[in-house]
Participant: 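Structure provided below as structure tokens; questions to follow.
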Amino acid sequence: MNAAWEIVEAVFFEQWLRFYFIEEKGEDFYWHMDDPEALREAWPQFAAIISLDGNQVEHQASLRAIYETLHERENGPALLKTAEACLAEPAFLAELAAFPAWVATHERELESGSGDFTAWLQAFAATRAATLEKTAGTVGKTVGETTGEITAKPASGPVARPASGPETGNSALDAYKARLAALACNKNSFE
């Protein structure tokens with residue numbers, strides 16, 4: 001079980017929805033998904049997060065939806081125990097913090113891009129790999145693998161699904177998943 005990836009993916013999905021599907025009403029913000037049924041169909045594993053549609057955006061409600069998402073998985077109880085261990089691990093917390101920082105630095109590009117969650121994950125993973133490579137002082141990836149550009153607009157729009165299975169066919173994303181699998185909290189999974 002790659003619990004760290006399952007947790008990160010759920011948190012990142014909520015943040016992706018937050019970027020595209022929030023509207024302001026007066027002084028408050030509300031979830032407003034154009035087609036929540038299409039999202040549920042494309043991303044059934046995130047139904048609890050998608051169910052936030054129509055509600056006021058609140059931190060606690062988002063946390064509950066992420067918790068429900070993890071709890072509903074086949075390995076839910078074990079996953080939640082592992083989540084506790086991951087949330088106590090600085091390396092895991094650094095990965096969680098890296099995503100909103102990436103979103104903030106790529107905001108203009110994301111606003112004009114496809115809105116596809118899979119493209120977001122792939123671009124983030126490529127950027128993260130390049131950043132980690134630079135900090136480690138290593139060289140070896142090609143520019144195309146590490147730029148993290150979001151250029152393709154898939155025909156299916158913002159609800160496009162990733163490839164199924166543990167490997168996505170995107171080397172940067174697969175490497176990112178492997179990096180998360182190597183975290184200590186994953187090694188202490190309570191399967």
Side-chain angles (χ1 to χ4, degrees), residues 2-24 29 31 33 39 43 45-46 49-50 52 57-67 69-70 82-154 158 160 162 168 170-186:
N2 188 348
W5 167 249
E6 291 188 51
I7 297 160
V8 162
E9 185 184 32
V11 170
F12 290 3
F13 186 81
E14 187 274 345
Q15 292 177 4
W16 171 75
L17 288 176
R18 187 177 291 262
F19 189 85
Y20 287 111
F21 300 109
I22 289 181
E23 71 178 8
E24 190 172 0
F29 292 90
W31 293 99
M33 296 166 208
L39 287 169
W43 302 96
Q45 72 272 35
F46 301 123
I49 299 170
I50 296 165
L52 292 169
V57 176
E58 297 174 332
H59 181 69
Q60 289 301 326
S62 288
L63 290 178
R64 275 192 304 276
I66 291 167
Y67 175 88
T69 294
L70 298 175
T82 304
E84 291 175 23
C86 286
L87 290 171
E89 186 173 336
F92 179 80
L93 294 174
E95 295 304 325
L96 282 181
F99 190 72
W102 174 81
V103 170
T105 59
H106 292 81
E107 187 172 350
R108 184 176 294 155
E109 186 179 359
L110 295 169
E111 286 174 347
S112 65
S114 70
D116 175 47
F117 181 57
T118 302
W120 273 46
L121 292 176
Q122 292 170 345
F124 168 73
T127 302
R128 189 77 176 125
T131 301
L132 293 171
E133 234 176 68
K134 284 180 189 174
T135 33
T138 60
V139 181
K141 298 265 184 205
T142 65
V143 172
E145 288 179 279
T146 60
T147 59
E149 294 177 18
I150 303 170
T151 54
K153 285 193 171 197
T168 64
N170 178 281
S171 61
L173 186 54
D174 292 337
Y176 184 71
K177 287 181 179 183
R179 176 179 165 70
L180 290 175
L183 293 176
C185 64
N186 253 346

Participant: As an exercise, state the distance from CZ of R128 to CZ of R179, rounded to the nearest 0.5 Å.
Facilitator: 5.5 Å
Participant: To the nearest 0.5 angstrom, please state how far the CD1 atom of I49 sits from the CD atom of Q15.
Facilitator: 10.0 Å
Participant: Does any non-hydrogen side-chain atom of F46 lie less than 4.5 Å from one of L17?
Facilitator: no
Participant: Could you walk me through whether Y20 and M33 pass side chain to side chain contact (heavy atoms under 4.5 Å, CB included), step by step?
Facilitator: CA-CA 8 Å; Y20 287 111; M33 296 166 208; over 6 Å; no
Participant: Is there a side chain to side chain contact (heavy atoms under 4.5 Å, CB included) between W5 and L173? Walk through the geometry before answering.
Facilitator: CA-CA 11 Å; W5 167 249; L173 186 54; 4.0 Å; yes
Participant: To the nearest 0.5 Å, what is the distance between CD (E23) and CZ (F29)?
Facilitator: 10.5 Å
Participant: Any chance you could measure D116, atom CG, to L110, atom CG, to the nearest 0.5 Å?
Facilitator: 11.5 Å
Participant: Picking from T82, L96, I7, what satisfies side chain to side chain contact (heavy atoms under 4.5 Å, CB included) with L87?
Facilitator: L96
Participant: Are W102 and F99, when compared by the centres of their aromatic rings, separated by less than 6.0 Å?
Facilitator: yes
Participant: Is C86 close to L183 at the side-chain level, that is, under 4.5 Å between some pair of heavy atoms?
Facilitator: no
Participant: Given side chains that start at C-beta, do those of F19 and E111 come closer than 4.5 Å, heavy atoms only?
Facilitator: yes
Participant: Side chains of V8 and F92, heavy atoms from C-beta outward: is any pair under 4.5 Å?
Facilitator: yes
Participant: Indicate, with yes or no, if the rings of W120 and F12 have centres closer together than 6.0 Å.
Facilitator: no
Participant: Test T105 against T127 for side chain to side chain contact (heavy atoms under 4.5 Å, CB included), laying out the working first.
Facilitator: CA-CA 11 Å; T105 59; T127 302; over 6 Å; no
Participant: Could you check whether any side-chain N or O of N2 sits under 3.5 Å from a backbone N or O of A178, counting only pairs where one atom can act as donor and the other as acceptor?
Facilitator: no
Participant: Which heavy-atom pair separates A172 from Q122 by the least distance, and what is that distance?
Facilitator: CB-O, 4.5 Å
Participant: Return the orientation label for the W16 and F13 ring planes: parallel under 30°, perpendicular over 60°, tilted otherwise.
Facilitator: tilted
Participant: Which value, rounded to the nearest 0.5 Å, describes the distance between R64 atom CZ and T69 atom OG1?
Facilitator: 12.5 Å
Participant: Would you say E6 and Q45 make side-chain contact, with heavy atoms under 4.5 Å?
Facilitator: no
Participant: Please step through side chain to side chain contact (heavy atoms under 4.5 Å, CB included) for the pair Y67 and S62, ending with a clear verdict.
Facilitator: CA-CA 9 Å; Y67 175 88; S62 288; over 6 Å; no
Participant: Given side chains that start at C-beta, do those of W31 and R18 come closer than 4.5 Å, heavy atoms only?
Facilitator: yes
